[in-house]
Amino acid sequence: MSGSASRSGTHSPSRSCSIAGRRRKPLASTFQALDGIDLRVAEGESVALLGYNGSGKSTLLKLISGVLRPDQGRVLTRGRVAGLIEVGAGFHPDLSGRENVYLNAAILGMSRSEIDRRFDEIVEFSEIGEFIDTEVKHYSSGMFVRLAFSVAIHTELDILLVDEVLAVGDAPFREKCKAKIRELADERKTMFVVSHDLGMVSSLCTRGIVLRRGKMIFDGPSRTRSRPSRRALDSDERTDHRRRPGRRSGHG
């Protein structure tokens with residue numbers, strides 16, 4: 001054991017490697033976030049990605065966006081992809097909200113002239129006009145979401161990716177975002193929405209996909225999907241409990 005090293009508060013990489021080598025332990029571990037996912041999404045479809053934490057939803061969004069690349073297989077998209085995957089992604093903390101609008105929109109593929117044309121609409125939708133020239137490191141998480149979502153939806157997009165980050169905003173702004181998502185759906189924009197809210201995604205999305213530990217266990221129409229997907233999620237929870245025999249129920 002390397003207990004003496006941890007107790008003294010020091011760490012020797014060479015010693016750790018030699019100990020691991022003698023004991024034939026792997027020096028690195030791998031985790032398969034997604035396994036055998038095979039799906040096609042038609043233009044104009046709105047897809048809800050459901051599953052418990054760690055099921056692979058956010059990883060799938062990152063693959064679609066191009067942030068990650070698959071170890072096997074391929075991900076093909078057509079058109080401009082914009083999304084809200086993580087709070088603050090694509091924002092520089094030392095820049096103002098105004099500067100970050102231009103930075104984030106440029107990352108999403110907008111030209112300077114496009115941004116100039118949409119800037120007032122972006123700020124108006126975000127409702128943070130009085131703070132637009134403040135450095136975003138002073139923003140709350142809710143303000144981040146407002147501005148980031150506003151930039152994303154005002155991009156000339158073909159595919160919209162939305163993670164659970166909308167849960168950070170306040171209730172009136174969430175309703176405003178839902179209305180905008182419905183508007184984009186009516187315009188036949190392709191969408192992927194990650195949420196734990198079955199009621200919300202049933203109203204926003206035409207198709208639902210449930211993931212469990214990286215595998216797809218359900219894929220079907222959203223508006224007739226609530227009961228089947230609920231059963232799939234409940235089944236996942238029961239399986240999770242069985243795999244953790246030491247897990248206690250109740251309080252305390």
Side-chain angles (χ1 to χ4, degrees), residues 26-90 104 106-110 148-149 152-153 155-166 181 184-185 188-198 201-202 204-226 228-240 243:
L27 300 180
S29 60
T30 60
F31 175 75
Q32 191 162 3
L34 294 171
D35 183 11
I37 301 296
D38 185 8
L39 61 91
R40 292 173 180 265
V41 177
E43 182 178 349
E45 270 195 286
S46 51
V47 180
L49 295 178
L50 300 162
Y52 288 105
N53 293 336
S55 61
K57 306 183 302 297
S58 295
T59 300
L60 182 54
L61 282 194
K62 289 176 181 178
L63 287 170
I64 297 169
S65 70
V67 173
L68 298 178
R69 292 184 178 181
D71 297 314
Q72 297 178 354
R74 58 183 182 170
V75 178
L76 301 177
T77 60
R78 185 173 65 235
R80 182 183 285 179
V81 180
L84 190 56
I85 299 178
E86 293 179 1
V87 176
N104 193 235
I107 291 173
L108 294 176
M110 292 178 71
F149 185 83
I153 61 173
T155 304
E156 294 292 341
L157 59 89
D158 299 293
I159 303 171
L160 176 67
L161 311 176
V162 182
D163 207 339
E164 189 67 34
V165 288
L166 281 181
I181 291 173
L184 292 173
R188 301 289 295 165
K189 302 295 184 182
T190 305
M191 295 188 295
F192 291 84
V193 181
V194 169
S195 179
H196 294 96
D197 187 340
L198 289 175
V201 296
S202 293
L204 292 178
C205 301
T206 57
R207 178 179 173 187
I209 292 174
V210 180
L211 299 178
R212 177 199 292 167
R213 294 184 177 85
K215 294 181 180 292
M216 187 165 61
I217 62 172
F218 181 87
D219 182 4
S222 174
R223 302 198 197 291
T224 59
R225 176 204 41 75
S226 293
S229 65
R230 180 74 262 174
R231 286 197 296 269
L233 291 170
D234 289 343
S235 173
D236 188 21
E237 187 172 30
R238 288 193 297 271
T239 302
D240 187 53
R243 292 188 179 188

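The model shown is predicted, which means the values in this text are computed figures rather than measured ones. Heavy-atom basis, side chains included; hydrogens, waters and symmetry copies ignored.
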Going from [atom1] on [X] to [atom2] on [Y], what distance comes out if it is rounded to the nearest 0.5 angstrom?
X	Y	atom1	atom2	answer
I217	L50	CD1	CG	10.0 Å
T77	L161	OG1	CG	9.0 Å
S58	L63	OG	CG	11.0 Å
M110	N104	CE	CG	10.0 Å
I107	T155	CD1	OG1	11.0 Å
L76	I64	CG	CD1	11.5 Å

Expected output: side-chain [X] to main-chain [Y] donor-acceptor under 3.5 Å:
X	Y	result
R207	E45	no
R188	E43	yes
D219	I209	no
K57	L211	no
S55	G214	no

Looking at every non-hydrogen atom in both residues, tell me the closest pair between [X] and [Y] and how far apart they are.
X	Y	answer
L204	S46	O-OG, 3.4 Å
K189	L157	NZ-O, 3.0 Å
D35	Q32	OD1-NE2, 3.4 Å
L108	A152	CD1-CA, 4.0 Å
C205	V47	SG-C, 3.9 Å
I37	M216	CD1-N, 3.7 Å

Just do the side-chain contact (heavy atoms from CB on, under 4.5 Å) check on I181 and F149 with the steps written out, would you?
-> CA-CA 11 Å; I181 291 173; F149 185 83; 4.1 Å; yes
Walk me through it: do F192 and V41 pass the test side-chain contact (heavy atoms from CB on, under 4.5 Å)?
-> CA-CA 10 Å; F192 291 84; V41 177; 3.5 Å; yes
